[in-house]
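Remarks on the structure that follows.
Numbers for residues simply follow the sequence, beginning at 1.
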Amino acid sequence: MVEIDPDFIQAPEHRPKLNVIEAENIPVIDLSPILNNSIEKDPLVFDELVKKIGNACKEWGFFQVINHGAPLESRQKIESVGKKFFGQKLEEKKKVRRDIVNVMGYYETEHTKNVRDWKEVFDFTVEEPTLIPASIDPHDKEVTHWYNQWPEFPPEMRETFQEYAQHMKTLALKIMELIALSLGLPPKKFHDFFKDETSWIRLNHYPPCPNPDIVLGCGRHKDSGALTVLAQDEVSGLEVRRKSDGEWVLVKPLPNAYIINVGDVIQVWSNDAYKSVEHRVMLNTEKARLSYPFFLFPAHYTMVEPLKELTNDQNPPKYRPYNWGKFLATRKRSNFMKLDVENIQIHHFRIN
């Protein structure tokens, strides 16, 4: 047995089972009806698509999309460039290492729930620069900017990543329209929240691990934003906690599909009609794995609260409003220090 740094070791109750259950029935949704104008030709097909999206959000909080319109070439390029970047020596990657001032860039000591993840990452924001609160003080109205750090090598990294980000934003907003319709809302109901978005993309590189029974690539967590659009290579590892029985199930990668998951912001906006779901990443003893999630995040000045259209006397708001920028700044701060308490979560705003 290889000696593993204790920082990586999961508590016994959170260790992965190596005899995994493969999720046969995670919904796979074909988005071609919204790409080929079949809405005009056959509204029934479109209604069926909206219904499938609503059921997937309600029952799973996770689904895969195919025939989504995002170009395969852009995805192949980001994967190729990501491999080149992560393939460098550590001291080269550390030239763009993130810190409490430059919160975007490379990082190799990420923690989830105060346990170190077996991975290295590269983060960049979609908007350059991104506006964000200058402090976590609720009374401080000052804003600051987050800037991306781009490495010298690979030279094509910036252009490749920025192009990919625009395709992801387009796809994410299309899916948000379908989610809005499934909740009985106008299709563009959510669009204004993302005008000055704080969205970002992460490249995750999970090296092979000698002890995948006690270590995780990324510990159990829920996504704090609105929607996550995840691409992954052919090596499986993503596990989702199934709502029906609480079991961890493995999501098998489908070629050129994207995995979509509902984030905490949608949970609050929908007043718990659609709930975010815990997920984590298992490791492989022989193969490295790459994944690259796009996190759709609202503008920093957004007050996140249950939508008035979805609440009434019988279904009163389940959450107090919270400022998205302050919430995000608080969570980001925890990337650079080990917390004695749980990081800020939406349940801290739940009305009991």
Side-chain angles (χ1 to χ4, degrees), residues 1-18 61 90 93-94 97-123 132-133 135-137 146 198 200 202-225 228 230 237-241 246-248 261 263-265 267-268 275-284 289 291 293 295 297 322 324-350:
M1 169 134 166
V2 178
E3 191 67 35
I4 294 274
D5 183 330
D7 282 359
F8 287 108
I9 297 174
Q10 294 285 330
E13 65 273 22
H14 299 307
R15 291 177 188 173
K17 291 178 186 164
L18 296 186
L90 184 60
K93 293 180 278 195
K94 279 189 166 180
R97 192 177 194 262
R98 68 180 201 211
D99 55 41
I100 204 149
V101 177
N102 301 298
V103 302
M104 292 291 140
Y106 174 76
Y107 206 57
E108 78 292 3
T109 55
E110 186 92 1
H111 288 71
T112 303
K113 310 265 190 216
N114 279 336
V115 181
R116 191 169 163 192
D117 295 327
W118 189 274
K119 68 176 178 186
E120 52 182 346
V121 303
F122 182 85
D123 299 340
I132 208 78
S135 79
I136 63 171
D137 177 354
W146 282 351
T198 52
W200 58 292
R202 162 168 286 177
L203 261 77
N204 291 303
H205 175 243
Y206 303 98
C209 176
N211 297 99
D213 54 331
I214 56 171
V215 175
L216 286 167
C218 183
R220 74 200 190 286
H221 66 285
K222 296 179 177 186
D223 289 351
S224 61
T228 303
L230 172 79
L238 176 68
E239 285 195 313
V240 176
R241 196 190 278 280
E247 280 288 347
W248 287 103
N261 68 289
D264 287 343
V265 168
Q267 179 166 328
V268 174
K275 290 183 178 177
S276 61
V277 160
E278 269 196 318
H279 48 287
R280 65 184 187 185
V281 176
M282 284 183 66
L283 295 157
N284 193 301
R289 177 174 176 267
S291 75
F295 300 102
F297 279 13
Y322 63 93
W324 171 253
K326 297 291 183 187
F327 181 93
L328 179 58
T330 305
R331 286 182 70 90
K332 273 287 176 205
R333 195 179 61 136
S334 77
N335 284 339
F336 306 102
M337 56 188 77
K338 201 164 177 177
L339 300 180
D340 296 326
V341 293
E342 180 186 41
N343 202 351
I344 192 168
Q345 308 283 354
I346 56 167
H347 68 73
H348 296 133
F349 300 95
R350 187 175 270 285

> Would you say D5's side chain and D7's backbone share a donor-acceptor pair under 3.5 angstrom?
Replying inline: yes
> Within the distance-only criterion (no hydrogens, no angle test), does the side chain of H111 pair as donor or acceptor with the backbone N or O of T109 below 3.5 angstrom?
Replying inline: yes
>> Restricting to non-hydrogen atoms, name the atom on W118 and the atom on L283 that form the minimum distance, rounded to 0.1 Å.
In response: CB-CD1, 3.6 Å
> So, Q10 side chain and V215 main chain: donor-acceptor pair closer than 3.5 Å or not?
Replying inline: no
> Would Y106 and L203 count as a side chain to side chain contact (heavy atoms under 4.5 Å, CB included) if you check the C-alpha gap in whole Å, the side-chain angles of each, and the deciding distance to 0.1 Å?
Replying inline: CA-CA 9 Å; Y106 174 76; L203 261 77; over 6 Å; no
>> For F297 and W324: C-alpha separation, side-chain torsions, deciding distance, then whether ring-ring contact (aromatic ring centres under 6.0 Å, His included) applies.
In response: CA-CA 9 Å; F297 279 13; W324 171 253; 4.9 Å; yes
> Under the 3.5 angstrom rule, does the side chain of H221 hit a backbone N or O of G219 as a donor-acceptor pair?
Replying inline: yes
> Is any side-chain heavy atom of C218 less than 4.5 Å from a side-chain heavy atom of H279?
Replying inline: no
>> Could you walk me through whether I9 and I4 satisfy the side chain to side chain contact (heavy atoms under 4.5 Å, CB included) test, starting with their C-alpha distance in whole Å, then the side-chain angles of each, then the deciding distance to 0.1 Å, before giving a yes or no?
In response: CA-CA 8 Å; I9 297 174; I4 294 274; 4.0 Å; yes
> So does K17 pair up with E247, basic N to acidic O under 4.0 Å?
Replying inline: yes
> Is it the case that R98 places NZ or CZ above or below the six-membered ring of Y107, under 6.0 angstrom from the centre and within 45 degrees of the axis?
Replying inline: yes
>> Checking the side chain of R289 only, and the main-chain atoms of N204 only, is there a donor and an acceptor separated by less than 3.5 Å?
In response: no
> Between F349 and Y322, does a ring-ring contact (aromatic ring centres under 6.0 Å, His included) hold up when you go through it step by step?
Replying inline: CA-CA 7 Å; F349 300 95; Y322 63 93; 4.6 Å; yes
>> For a side chain to side chain contact (heavy atoms under 4.5 Å, CB included) check, start with the C-alpha distance between T112 and R280, then their side-chain angles and the critical distance, and finish with the verdict.
In response: CA-CA 10 Å; T112 303; R280 65 184 187 185; over 6 Å; no
> Salt bridge check: are E108 and R97 linked by an N-O gap of less than 4.0 Å?
Replying inline: yes
> Got a donor-acceptor contact below 3.5 angstrom from the R241 side chain to the W248 backbone?
Replying inline: no
> Taking all non-hydrogen atoms of both residues, which atom of G263 and which atom of S276 are closest, and how far apart?
Replying inline: C-CB, 3.7 Å
> Under a 4.5 Å cut-off applied to non-hydrogen side-chain atoms, are H14 and K113 in contact?
Replying inline: no
> Is the closest basic N to carboxylate O distance between R220 and E239 below 4.0 Å?
Replying inline: no
> Are any non-hydrogen side-chain atoms of F295 and D123 less than 4.5 angstrom apart?
Replying inline: no
> Counting distance only, does the side-chain N/O of R202 pair as donor-acceptor with the main-chain N or O of P293 below 3.5 Å?
Replying inline: no
> Hey, does the side chain of K119 reach the backbone of E110 with a donor-acceptor pair shorter than 3.5 angstrom?
Replying inline: no
>> Under a plain distance cut-off of 3.5 Å, with no hydrogens placed, do S224 and D264 share a side-chain donor-acceptor pair?
In response: no
> Run the side chain to side chain contact (heavy atoms under 4.5 Å, CB included) check on Y206 and V281 step by step: do they pass?
Replying inline: CA-CA 9 Å; Y206 303 98; V281 176; 3.5 Å; yes
>> I'd like to know if the side chain of D99 and the backbone of V101 have a donor-acceptor N/O pair within less than 3.5 Å.
In response: yes
>> Could you report the tightest heavy-atom contact between G325 and P133, atom names first, then the distance?
In response: C-CG, 3.4 Å
> Is a side-chain N or O of W146 found less than 3.5 angstrom from the main chain of N102, in a donor-acceptor match?
Replying inline: no
>> Tell me the closest heavy-atom pair linking N261 and D223, and the distance in Å.
In response: ND2-OD2, 3.1 Å
